[in-house]
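Data first, discussion second: the structure below is written as structure tokens.
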Amino acid sequence: MMKLLCTDLDRTLLPNGDQPESPEARALFRTFVENSGCHLAYVSGRHLSLVKRAIKDYALPQPDFAITDVGARIYRYEDELWHNDKDWQEAIDRNWAVHGRTFICGLFNSFSELTLQEKEKQSTHKISFYHQADIDLQALQRQIEARLARYTIEVSMIWSHDDLTGQGLLDVLPRSASKYHAISFLAGILSVGL
């Protein structure tokens, strides 16, 4: 039975922040992947160009798949090219089909605590913001949820913090889009159990 090995990149395979990298970890990982016969998927909050750069810069094994943008995209690596999984895009688009990305983005833009991230950090099913570090996140989340509820919009809000820049981050995705849901979808395509 074919197996699927999924791993995050930052602070799992790659050093990021103050934590030192484990000696020989990447070499051992490469040896394992080369001898395991499993499908390999990198799962990351990064967008595809940053995943590709990490593979090159850190001499990581070439994966069969990349789940990027916090689960908003699945790519298959085939014939030395990356192919976006359109079935996954259609599956998660159902959550946003009624109102659309532009409308949802507009609802968030009205919160002064949030600043839209750069264009390259956005995708069809991921809206990314910076937020002020000293805000009451729980209060802001309640306000956002109340506004979304008025329009019956279901999203996943992923709050995080970039230790290198000190910035607060918020990724907004369709409710059905997450790293876990993307892994489950991929496992279904490959007929492997979780």
Side-chain angles (χ1 to χ4, degrees), residues 1-85 87-89 92 117-118 120-130 156-174 176-194:
M1 177 183 191
M2 182 56 74
K3 295 191 179 337
L4 173 63
L5 172 63
C6 298
T7 179
D8 201 342
L9 291 176
D10 296 303
R11 295 187 183 180
T12 304
L13 288 180
L14 307 179
N16 189 336
D18 296 335
Q19 292 289 351
E21 184 176 13
S22 299
E24 301 299 316
R26 279 187 280 133
L28 291 170
F29 177 72
R30 175 177 283 289
T31 300
F32 173 79
V33 168
E34 289 171 354
N35 295 302
S36 70
C38 64
H39 290 292
L40 174 62
Y42 294 140
V43 184
S44 180
R46 296 175 178 222
H47 52 83
L48 183 62
S49 63
L50 289 178
V51 170
K52 292 192 296 190
R53 185 183 317 163
I55 292 167
K56 181 181 177 189
D57 290 352
Y58 290 93
L60 296 175
Q62 182 64 51
D64 302 294
F65 302 94
I67 295 172
T68 66
D69 300 291
V70 204
R73 291 200 182 263
I74 298 175
Y75 294 93
R76 176 188 296 266
Y77 189 74
E78 199 170 65
D79 300 325
E80 299 186 20
L81 295 171
W82 289 99
H83 304 276
N84 184 21
D85 190 303
D87 291 336
W88 176 242
Q89 295 298 289
I92 64 175
Q117 292 183 21
E118 298 81 6
E120 65 270 11
K121 296 182 180 177
Q122 309 295 332
S123 73
T124 306
H125 296 100
K126 181 175 77 79
I127 307 168
S128 297
F129 297 92
Y130 297 114
S156 291
M157 290 186 283
I158 301 165
W159 302 87
S160 59
H161 185 264
D162 186 333
D163 289 337
L164 298 176
T165 65
Q167 291 180 304
L169 307 171
L170 169 61
D171 292 314
V172 180
L173 305 109
S176 59
S178 70
K179 289 180 180 180
Y180 173 78
H181 289 105
I183 290 169
S184 297
F185 183 88
L186 185 55
I189 290 172
L190 299 172
S191 299
V192 297
L194 289 181

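Please read all numbers here as calculations on a predicted model, not as lab measurements.
Around CZ of Arg30, the count of heavy atoms belonging to other residues, nucleotides or ligands within 6.0 Å exceeds 12. Atom CD of Glu78 has more than 12 heavy atoms from other residues, nucleotides or ligands within 6.0 Å.
Using modelled atom types, no side-chain atom of His161 and backbone atom of Leu169 make a donor-acceptor pair closer than 3.5 Å. Lys126 contributes no side-chain N or O that, together with a main-chain N or O of Gly71, makes up a donor-acceptor pair within less than 3.5 Å. Between the Asp171 side chain and the Ser128 main chain, no donor and acceptor come within less than 3.5 Å of each other. Within the 3.5 Å criterion, the main-chain N or O of Ala72 finds no donor-acceptor partner in the side chain of Asp69.
When side chains are defined from C-beta on, Pro63 does not count as touching Thr7, because their heavy atoms never get closer than 4.5 Å. The closest side-chain heavy-atom distance from Ile92 to Leu173 is not below 4.5 Å. Annotation: side chain of Asp8 is in contact with side chain of Lys179 (closest heavy-atom distance under 4.5 Å). Residues Leu5 and Ser36 form no side-chain contact, since every pair of their non-hydrogen atoms from C-beta on lies 4.5 Å or further apart. Counting heavy atoms from C-beta on, the side chains of Leu170 and Met157 come closer than 4.5 Å.
A donor-acceptor pair shorter than 3.5 Å can be found between the side chains of Lys121 and Tyr130.
A distance of 10.5 Å separates OG1 in Thr68 from NZ in Lys52, rounded to the nearest 0.5 Å. Interatomic distance, OG of Ser191 versus CG of Leu4, reported as 11.5 Å (0.5 Å rounding). The CG atom of Leu48 sits 8.0 Å away from the CD1 atom of Ile55 when rounded to the nearest 0.5 Å. In this structure, the separation between CD on Glu120 and OG on Ser49 is 8.0 Å, given to the nearest 0.5 Å. Of the inter-residue distances, the one linking His47 atom NE2 with Arg53 atom CZ reads 7.5 Å to the nearest 0.5 angstrom.
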Check against side-chain contact (heavy atoms from CB on, under 4.5 Å), Arg73 and His125: CA-CA 8 Å; Arg73 291 200 182 263; His125 296 100; 5.8 Å; no
Is there a side-chain contact (heavy atoms from CB on, under 4.5 Å) between Lys3 and Val192? Walk through the geometry before answering. CA-CA 6 Å; Lys3 295 191 179 337; Val192 297; 5.8 Å; no
Evaluate the criterion side-chain contact (heavy atoms from CB on, under 4.5 Å) for residue pair Val51 and Tyr75; output intermediate values, then yes/no. CA-CA 11 Å; Val51 170; Tyr75 294 93; over 6 Å; no
Before giving the answer on side-chain contact (heavy atoms from CB on, under 4.5 Å), spell out for Ile189 and Asp87 the whole-Å C-alpha distance, their side-chain angles and the decisive distance to 0.1 Å. CA-CA 10 Å; Ile189 290 172; Asp87 291 336; 5.9 Å; no
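Closest approach of Gln117 to Gln122, counting heavy atoms only: O-NE2, 3.1 Å. When all heavy atoms of Asn84 and Ile74 are compared, the closest pair comes out as OD1-O, 3.5 Å. Across Ala54 and Leu9, no two heavy atoms sit closer than the pair CB-CD1, 4.5 Å. Minimum interatomic distance between Leu186 and Ala41 (heavy atoms only, all atoms of both residues): CD2-CB, 4.1 Å. The minimum heavy-atom distance between Cys38 and Asp64, with the atom names listed, is O-OD2, 3.9 Å. The two residues Tyr58 and Arg26 come nearest to each other via the heavy atoms O-NH1, 2.7 Å.
Between Phe65 and His39, the ring-plane angle classifies as perpendicular under the 30° and 60° cut-offs. Between Tyr42 and Phe29, the ring planes are tilted. Angles from 30° to 60° get that label.
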